[in-house]
S.K.: 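Shown below is the structure under consideration.
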Amino acid sequence: MKIATWNVNSAKARLPNITEWLTEAAPDVVLFQEIKCETASFPAAAFEELGYHVHAVGQKAYNGVAILSKTPITDIITRLPGEVEDEQARYVEGTIDGVRIASIYLPNGNPVGTEKYPYKLRWMERLRLHAADLLKSEQPVVLGGDYNVIPAAEDVYDPVGWREDALFRQETRLKFQEILALGYTEAFRTLHPGLVPAYSFWDYQAGAWPRNNGLRIDHFLLSPQAADRIVACEIDKGPRAKEKASDHTPVILTLA
DNA sequence: ATGGTGGGGTTCCCA
């Protein structure tokens, strides 16, 4: 089972790039973030033509997530539990071939001195509580997406310059570690402990891509039952080099 | 060198 996660930075603006990549990479499951459109205007038909079942959770202009799957998606939930007043479209979860799979768009949190940062931390705590609940089922669980978390200094091109950024400051990293401490495995770094740099995002500005000034912020967290089935986890830099690229590139997890 | 890029929706927000 090949599962990809990709922050596409607008499904509509990226549609040719996305369909081209899906055709060549042929993942069984795809987790999108930042579709940047309402659910009704998500280009689902283009993906259905490629053989995918589609479930999108959108909102106007910002955020938005989706799951695509070659086999049916059941028992779908469309929001992260807790904080009922939170209307941002950042979470969708369903069951595919016995695996509980979520597409996560964790809040960015910048600037740190505003309400955005406490919102990020509250969202991470909600994720931690829900991730703990998911473990109780003892089924394979895959939480994939744009976490907006740089787990360690080796995952950012300039750790000193990024020290107080919402993606890297210690409070953010500790909260991420709390989720791992429940018993989740971060697939990429577990499989490639010495592979640095290995980035999944490069800003559009200041020549970040040609200079390889990147961040590794797109992750897969696996429950023990899913971690037992890990075959591979790779970053495909191909899409970032294309014309009209997203600022993120896909990460692909393969489970037995 | 205190800018730079990009998407979406409007005269600016978000990343």
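Please read all numbers here as calculations on a predicted model, not as lab measurements. Letters A, B, ... mirror the listed sequences (proteins, then strands); counts begin at 1.
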S.K.: Take A:I217 and A:D146, measure what side-chain contact (heavy atoms from CB on, under 4.5 Å) needs, and give me the verdict at the end.
M.R.: CA-CA 6 Å; A:I217 54 177; A:D146 177 2; 3.9 Å; yes
S.K.: Within less than 4.0 Å of OP1 or OP2 of B:dG6, is there a side-chain N or O belonging to A:R14?
M.R.: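 For B:dG6, OP1/OP2 do not have a side-chain N/O of A:R14 under 4.0 Å.
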S.K.: For a quick check under 3.5 Å, do A:H248 and A:D218 share a side-chain donor-acceptor pair by atom type?
M.R.: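 A:H248 vs A:D218: donor-acceptor pair found between side chains.
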S.K.: Provide the distance between the two P atoms, one in B:dT11 and one in B:dG6, to the nearest whole Å.
M.R.: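 The answer is 23 Å between these two P atoms.
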S.K.: Take atom CG of A:N17 and atom C1' of B:dG6, then tell me their distance rounded to the nearest Å.
M.R.: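 Taking atom C1' of B:dG6 as the reference, CG of A:N17 is at 13 Å.
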S.K.: Between B:dG7 and B:dT2, how far is it from one P atom to the other, in whole Å?
M.R.: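 Taking atom P in both B:dG7 and B:dT2, they lie 25 Å apart.
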S.K.: Which parts of nucleotides 8-15 of chain B does protein reach within less than 4.0 Å, heavy atoms only, written one letter per nucleotide 5' to 3' as B for base, S for sugar-phosphate only and - for none?
M.R.: SSS--BSS
S.K.: Do side-chain atoms of A:R211 reach the backbone of A:A206 as a donor and acceptor pair under 3.5 angstrom?
M.R.: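 Side chain of A:R211 to backbone of A:A206, a donor-acceptor pair under 3.5 Å: yes, one is there.
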S.K.: When rounded to the nearest Å, what value does the distance between C1' atoms of B:dG3 and B:dG8 take?
M.R.: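 Rounded to whole Å, the distance is 23 Å.
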S.K.: Distance between the C1' atoms of B:dA15 and B:dG4, in whole angstroms?
M.R.: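 Comparing C1' positions in B:dA15 and B:dG4 gives a spacing of 14 Å.
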S.K.: Between A:K12 and A:S41, is any side-chain donor less than 3.5 angstrom from a side-chain acceptor?
M.R.: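 A donor-acceptor contact under 3.5 Å links the two side chains.
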S.K.: Between B:dT10 and B:dT5, how far apart are the two P atoms, rounded to whole Å?
M.R.: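 Straight-line distance between the two P atoms is 24 Å.
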S.K.: With side chain to side chain contact (heavy atoms under 4.5 Å, CB included) as the test, pick out the partner of A:Y91 among A:L127, A:V57, A:D86.
M.R.: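 Exactly one candidate clears the test, A:L127.
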S.K.: Is there a path from A:F176 to A:L106 through hydrophobic residues (I, L, V, M, F, W, Y) whose side chains come within less than 4.5 Å of each other?
M.R.: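 Yes: a chain of side-chain contacts under 4.5 Å links A:F176 to A:L106.
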